[in-house]
Every structure is written in structure tokens, then in C-alpha cells.
Amino acid sequence: MKIMPNRLDKGFYLYQDEFEQKALKVLRSGWYVLGNEVSSFEEEFAAYTGGKYCVGLASGLDALWIAFRVLGIGSGDEVIVQGNTYIASVMGVTINGATPVFVEPDEFFNIDTSKIEEKITERTKAILVVHLYGQASNMKPIMDIAEKYGLRVVEDCAQSHGACFGGQMTGTFGDIGCFSFYPSKNLGAFGDGGAIVTNDAGIADDVRVFRNYGSEKRYYNKVVGTNSRLDEMQAGLLRVRLSHMAELEKDKRNLCKRYLAELKNDNIVLPTIREGATHIWHQFVIKSERRQELIDYLNEREIGTIIHYPIPPHLSEAYQYLGIERGSLPITERYAETVLSIPLYNGMTDEEQTYVIDAINKFE
Ligand SMILES: *Cc1c(COP(=O)(O)O)cnc(C)c1O
């Protein structure tokens, strides 16, 4: 049996008829950018998160850099972010000319809140919280620190649609929650897409103007903006998927419950969940000191895996200019050497999962 790490086609076939109907409706409407599908999606997604406003954008990266742009955070400013994130989180900071200041992660792969305060300087303007792999970060201490030092909080929710801390959904704690709808995310489109969620009407307005060339009224431009619009097709298809989020979340939760209960091998460490937090399982990430052997062994059995992420941002070629040496973030670097995401997707069958579990349990 061949098992891929992810199967986006299965996510389509689960609701094929609805997706196809919606696509035809948009195609036949004659209206393709900034119309009813986008405004309806924005309302529905804001309601889903419990936030007041949502503004659709072209990608998760756009959501991040536009968030920092409208908050006025740029050159000369520092933003605190965990070291073990996807590089897009960091680019959201540096595109504006701001400097990322990395903090080590905790055992749940999220920012270690006990190590934030020591990194705060007079230049620190914000904390960028990444709810990595789908588990909500420890928001109580983060919000307390932000309040104590007068810092902004931006949440990178590209992997955490629906994850909660203390019953509140990620993306609604800070000033701005940034979402991606890249096809592999838990709420995925059929192309690129993103959004911000905020409770601040002024921020929502600023982002809405900024995404459309800085224009509120056609051909009247208030600020130098950009073109970052969620299109009608993606918004329409996202509305279909959003209407099924409860089932999709339950499906993944059940798959991961089974992984947690049945995976048994001393060569791997299973993920754990913080008390008070929920996990929506964007990825099921294990750790192994014998990772490469395990990858090769699973490959021989036609089971695909992915490393999220093999090179932490501070060691990537792109960020050599920051001058942060190897060894300066030992936990982050250790995670990069040991983490492994095993197959997980909506529509994964019992048979497929049994095959993966058996294979991993027999790895010696
Ligand atoms: C996917 C992702 C992004 C970027 O989203 P895009 O829509 O691909 O631009 C940012 N941060 C994290 C943590 C992500 O996983």
C-alpha cells in the first residue's frame, strides 16, 4: 500500500458535488474579484473564530506582513517569535524591515513563555505567536507579558484554524490573527488565500484599504497599498469547506486519537497537548533520535513523511544576514534534527492508518 504524507484530492472528493456546484456558480456569475463570496466568507469566518472582523487576502504571508505594516512595525523595531517556525512567519516580520528576535520553543513546539521577557529590549514592539502544527500556544502568559510591556500581539494561525486556548479561538487574543488557506492547511482553498481577523474596526479598515492598492473608493488612493485580494472562486470554495469544519476537525481528531493510543515504539516520542489548549492537528509530529533511519525504513514500505522543518529560519541562507550562529538556539536546532510528520489527512481510511501504525511499531 502506498501512503502519501497528505492527500488533498481526498479533501476534494469528500464534498465534490458542493465544490463543483460552487465553482460553476462563480464561473457563471461574471464577478471574480471582491464580491459577495468574499464578503460572505469574511462574515462567516469571523463568526467561526469569534472575532469581530475578517478581511480576506491573497495568502498567509500577505496577512502577516500586512498586519505588521498596518501596526506601523518596521525598520528599527524588534519582534519576538519562536525559533522553530515556518520561515514565512519570519518573512512577515522582515519584509517590513523589522528584526526577528528568536525565542526557544517549549515541549509543545510553541514559544516557551518563560523565555520571552529576557529578550525584550526598548526596541521590542510585538510578539508574533505561532500556533505551530495546530496546537494553541500558552496565551495567558503571553497576553500578560504583552500588557506589562505594552507590546502588540500578532498571531500566526496559518496552522491553527479552530484551535482554542481556554475555550477562546486562536487569532482572537492579539491585535491581529493571520490565517492562511493554502491547500494543505486545515481550512484549505484550491489555490492561495489568506485573511486577517481582528476585533479592532480601525485595523480591519486599514487592511481592507491596503489590500486594494490603498483604495477605498475606486481610483481614490489613500495610502500606498498592495494587491492582495482573496478571489471569488477561492472564497466560494472556502465557504463550502468552512461549512463542514466540524466534521473535518472531528475526523482528524479521531485519526490522531488512534495514533496516540496505538503508536508504540521506544524510538519515537509522541506529541502532547498542553492543559487548557486544543490541537487541531495540522500535522502529527513525532520526534526520533533515529529520524533518518525511520524515514528510510518507512520509504521502503511506501509510506511518505515530511520534516516540518529541516532548517530553522535563523540557519537558513536567507537569514544569514542576522548573524545568528548555529548553537545559539539549541532546542530549536534539536527539533529541526528530530521532528517528523507522519501521514495525516481528512479521508484517511482505517486500513491506511493501520498500515502506518503497524509499520512504525515494527521499526527496530
Ligand atoms: C503556511 C504558513 C504560512 C504562510 O502561508 P501562505 O498562505 O503559504 O503564504 C505562514 N506561517 C505558517 C506557520 C504557515 O504554516
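Both counts, for ligands and for their atoms, begin at 1 and track the order of listing.
Here the side chain of Tyr355 pairs a donor or acceptor atom with the backbone of Arg301 at under 3.5 angstrom.
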**Q.** Steps toward side-chain contact (heavy atoms from CB on, under 4.5 Å) verdict (Ile360, Ile342)
**A.** CA-CA 10 Å; Ile360 293 176; Ile342 63 174; 4.0 Å; yes

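Screening Asn221, Thr226, Asn227 for a side chain to side chain donor-acceptor pair (under 3.5 Å) involving Tyr213 leaves a single residue, Asn227.
Residues that satisfy the side chain to side chain donor-acceptor pair (under 3.5 Å) test with Glu262, not counting sequence neighbours, are Arg258. In this view, Glu232 satisfies the side chain to side chain donor-acceptor pair (under 3.5 Å) rule with no residue, not counting sequence neighbours.
Applying the side chain to side chain donor-acceptor pair (under 3.5 Å) test to pairs two or more places apart or on separate chains, those with a residue in residues 92-110 are Arg69-Asn96, Thr94-Tyr319, Glu104-Thr332, Asp106-Arg274.
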Tabulation required: pairs of a nitrogen or oxygen in ligand 1 and a protein nitrogen or oxygen under 3.5 Å; columns are atom names and distance to 0.1 Å; otherwise 'none'.
| residue | atom | partner | partner atom | Å |
| --- | --- | --- | --- | --- |
| ligand 1 | 5 (O) | Ser180 | OG | 3.3 |
| ligand 1 | 7 (O) | Gly60 | N | 2.8 |
| ligand 1 | 7 (O) | Ser180 | OG | 2.7 |
| ligand 1 | 9 (O) | Gly60 | N | 3.3 |
| ligand 1 | 9 (O) | Leu61 | N | 2.9 |
| ligand 1 | 11 (N) | Asp156 | OD1 | 3.3 |
| ligand 1 | 11 (N) | Asp156 | OD2 | 2.7 |
| ligand 1 | 15 (O) | Gln159 | NE2 | 2.8 |
| ligand 1 | 15 (O) | Lys185 | NZ | 2.7 |

